[in-house]
Participant: 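Take a look at the following structure, please.
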Amino acid sequence: MARAIRLARLGLCTTHPNPRVGCVLVRAGEVVGEGWHRRAGEPHAERNAISAAGDRARGATAYVTLEPCCHQGKTPPCADALLQAGVTRVLVAMVDPNPLVAGKGLEKLRAAGVEVEVGVLEAEARRLNPGFVKRMERGLPYVRCKLATSLDGRTAMASGESKWITSEQARRDVQRLRARSSAILTGIGTLLADDPSMNVRLEAEELPGMEPGERVRQPLRVVVDSRLRTPVSAWMLSLPGKTLIACLDRGPHGRMQLESAGAHVYVCPGSGGRLDLESLLRHLAREEINEVLVEAGPTLSGALLQASLVDEIVLYLAPHLMGDDARGLFRLPGLEKMQDRIALAIRDLRMVGPDLRIRAEVSE
């Protein structure tokens, strides 16, 4: 199963909106076939493993990171493929949270006389697909907030200057975060100040599971812009991929101009001049967005954090000091007592060039 999980990770940047899945077929103690799901519309991991095994799949045991599907989607059911191949035992890391499957694939295998075991390395398998799992279970994407700061917790000088806080190595690491994400979210303040591209600027061979020359998938760019101030000249509108501008209802004229420039405008619920951020994220989940990477200033990042909409913080800590007047990480009004603190659980610490990368989950 550990090998199946490693195979599944090859699809880290390509399977959107599908989950990352790996499969290994073993007969008489020998691996006879293995496969992983590459992208939506292409064969699933089980069918790729069966194809690699050929006749040796008969009588084999399948190790699969996610319950085999039992419904007809863009590809035929994988449970049927395992039965047709003559697989006699299936070990599954986790049940598929998709309501279309949700145990039905396991029932189909058991009804046909296949021995089924569930829960092998389940925690590791769930970590493969945090966005897919959360979208299926709660109707929300997994939200990862990326921040770069000096050692004294500053993200920009008082003037707004912020290029560059971290090293080139850290910035390339952020590109890999972008590549695995379904969407990148920012606010209108960042757009007006920096005119960012919010795209993936790595070649295919720099990403897991991709071949030289392959087209790199660009995540959806999302701008929180309640008053529709995004200029039609914004750099991101000229780049490949889609841009979604989330606004309050401010009349059709601005929307028409932005849509003519290539943007998709979404009128989001809200009150007091502010968008309902949870409603926006639920809209993204309905659009099959699994993982959202937030690259925004302290106001939007703080609002998401205070609304309990952030799952994970990825913080790049640079070895320098920027002083008292520089800008902070989050705007978090109302935190006045120790009991008001937002608890985090640090899951990973590592050096990325000269910078320290901290990955922390927000405690529920």
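In this text the structure is predicted, and so the values were computed from the model without any measurement.
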Participant: Answer with yes or no whether the hydrophobic clustering places W235 together with L244; edges join I, L, V, M, F, W, Y residues whose side-chain heavy atoms lie under 4.5 Å apart.
Facilitator: no
Participant: Backbone N or O of P298 within a donor-acceptor pair of the S301 side chain at under 3.5 Å?
Facilitator: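 No; judged by distance alone, with no hydrogens or angles, the pair does not exist.
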Participant: Any side-chain heavy atom of K134 sitting closer than 4.5 Å to one from P141?
Facilitator: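 Side chain of K134 against side chain of P141, heavy atoms only: no contact under 4.5 Å found.
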Participant: Report yes or no: does R47 contribute a side-chain atom to a donor-acceptor pair with the main-chain N or O of E42 at less than 3.5 Å?
Facilitator: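 No, the answer is negative, given that no donor and acceptor are paired below the 3.5 Å cut-off.
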Participant: After noting the C-alpha distance and the side-chain angles of V222 and V292, does the key distance pass the side-chain contact (heavy atoms from CB on, under 4.5 Å) rule?
Facilitator: CA-CA 9 Å; V222 183; V292 173; over 6 Å; no
Participant: Determine yes or no for a side-chain-to-main-chain donor-acceptor pair under 3.5 angstrom, with D96 supplying the side chain and L66 the backbone.
Facilitator: no
Participant: Do any N or O atoms from the side chain of N48 and from the backbone of W36 form a donor-acceptor pair under 3.5 angstrom?
Facilitator: yes
Participant: Is there a path of hydrophobic side-chain contacts, each under 4.5 Å between heavy atoms of I, L, V, M, F, W or Y residues, that connects M236 with I184?
Facilitator: yes
Participant: Looking only at non-hydrogen atoms, find the nearest pair between T166 and A170 and report the distance.
Facilitator: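 Smallest heavy-atom distance, with atoms named: CB-CB, 3.8 Å.
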Participant: Is D173 paired with R176 through a side-chain N to carboxylate O contact shorter than 4.0 Å?
Facilitator: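 D173 and R176: salt-bridged.
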Participant: Going by heavy atoms in the side chains, are P219 and R221 under 4.5 Å from each other?
Facilitator: no
Participant: For Y316, does its backbone N or O pair with a side-chain atom of D355 as donor and acceptor, under 3.5 Å?
Facilitator: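 Here the side-chain-to-backbone pair does not exist.
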Participant: Taking all atoms of both residues into account, what is the closest heavy-atom pair of G35 and A49, and its distance?
Facilitator: N-CB, 3.7 Å
Participant: May I ask you to decide if K242's main-chain N or O and Q218's side chain share a donor-acceptor pair within less than 3.5 Å?
Facilitator: no
Participant: Step through the shown structure and confirm whether more than 12 heavy atoms of other residues, nucleotides or ligands are within 6.0 Å of CG on D55.
Facilitator: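 Not more than 12 within 6.0 Å, no.
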Participant: Applying salt bridge (charged side-chain N to carboxylate O under 4.0 Å, His left out) to R126 and E137, what does each step give before you reach the verdict?
Facilitator: CA-CA 12 Å; R126 287 182 70 89; E137 293 181 345; 3.3 Å; yes
Participant: I'd like to know whether CD of E205 has more than 12 heavy-atom contacts from other residues, nucleotides or ligands below 6.0 angstrom.
Facilitator: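 Above 12, so yes.
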Participant: Starting at OG1 of T88, measure out to CG of L109 and round the result to the nearest 0.5 Å.
Facilitator: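 These two atoms lie 11.5 Å from each other.
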Participant: Kindly give the heavy-atom pair with the smallest separation between I245 and A263, and that separation in Å.
Facilitator: CG1-CB, 3.9 Å
Participant: What closest approach, in Å, do P354 and M351 show between heavy atoms, and which atom pair accounts for it?
Facilitator: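 Looking at all heavy atoms of both residues, the shortest contact is O-CE, 3.5 Å.
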Participant: Of E291, E361, E295, which meets salt bridge (Lys or Arg N to Asp or Glu O under 4.0 Å) against R144?
Facilitator: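 Passing option: E291.
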Participant: Going by the side chain to side chain contact (heavy atoms under 4.5 Å, CB included) test, name the single residue among T186, T190, L277 that passes it with L300.
Facilitator: L277
Participant: Return yes if a side-chain donor-acceptor contact under 3.5 Å exists between T230 and D225, otherwise no.
Facilitator: yes
Participant: Provide the closest heavy-atom pair for S363 versus L344 in the form atom of the first, atom of the second, distance.
Facilitator: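 Minimum heavy-atom separation between S363 and L344: OG-C, 3.8 Å.
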Participant: Tell me whether V64 is reachable from I5 by hopping between hydrophobic residues (I, L, V, M, F, W, Y) whose side-chain heavy atoms are closer than 4.5 Å.
Facilitator: no
Participant: Does the N129 side chain pair with the main chain of F132, one donor and one acceptor, at a distance under 3.5 Å?
Facilitator: no
Participant: Please tell me whether S182 and N290 have a donor and an acceptor in their side chains that are separated by less than 3.5 angstrom.
Facilitator: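 No donor-acceptor contact under 3.5 Å links the two side chains.
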Participant: Does CZ in R359 sit with more than 12 non-hydrogen atoms of other residues, nucleotides or ligands closer than 6.0 Å?
Facilitator: yes
Participant: Should the heavy atoms of other residues, nucleotides or ligands under 6.0 Å from CZ of R39 be counted, would the total exceed 12?
Facilitator: yes
Participant: Okay, side chain of R20, backbone of H37: is any donor-acceptor separation there less than 3.5 Å?
Facilitator: no
Participant: Under the 3.5 angstrom rule, does the side chain of R154 hit a backbone N or O of M322 as a donor-acceptor pair?
Facilitator: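 No.
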Participant: Is the shortest distance from a Lys or Arg side-chain nitrogen in E67 or K104 to a carboxylate oxygen in the other one below 4.0 Å?
Facilitator: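 Salt bridge: no.
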Participant: Sub-3.5 Å donor-acceptor pair from the side chain of T65 to the main-chain atoms of A125, do we have one?
Facilitator: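 Checking the backbone N and O of A125 against the side chain of T65, no donor-acceptor pair under 3.5 Å is found.
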Participant: Do L128 and L293 share a hydrophobic cluster (ILVMFWY, side-chain heavy atoms under 4.5 Å, transitive)?
Facilitator: no
Participant: What I'd like to find out is whether the side chain of L191 reaches to under 4.5 Å of the side chain of P231, using heavy atoms alone.
Facilitator: yes
Participant: If you count every heavy atom of other residues, nucleotides or ligands that lies below 6.0 Å from R27 atom CZ, does the total exceed 12?
Facilitator: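 Above 12, so yes.
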Participant: Is there a path of hydrophobic side-chain contacts, each under 4.5 Å between heavy atoms of I, L, V, M, F, W or Y residues, that connects L12 with L207?
Facilitator: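 Different hydrophobic clusters.
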Participant: For E203, I'd like to know if atom CD has over 12 heavy atoms of other residues, nucleotides or ligands within 6.0 Å.
Facilitator: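 No, the 6.0 Å shell around CD holds no more than 12 heavy atoms from other groups.
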Participant: Which distance, rounded to the nearest 0.5 Å, do you find between the NE2 of H283 and the SG of C268?
Facilitator: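 Rounded to the nearest 0.5 Å, the NE2-SG separation comes out at 8.5 Å.
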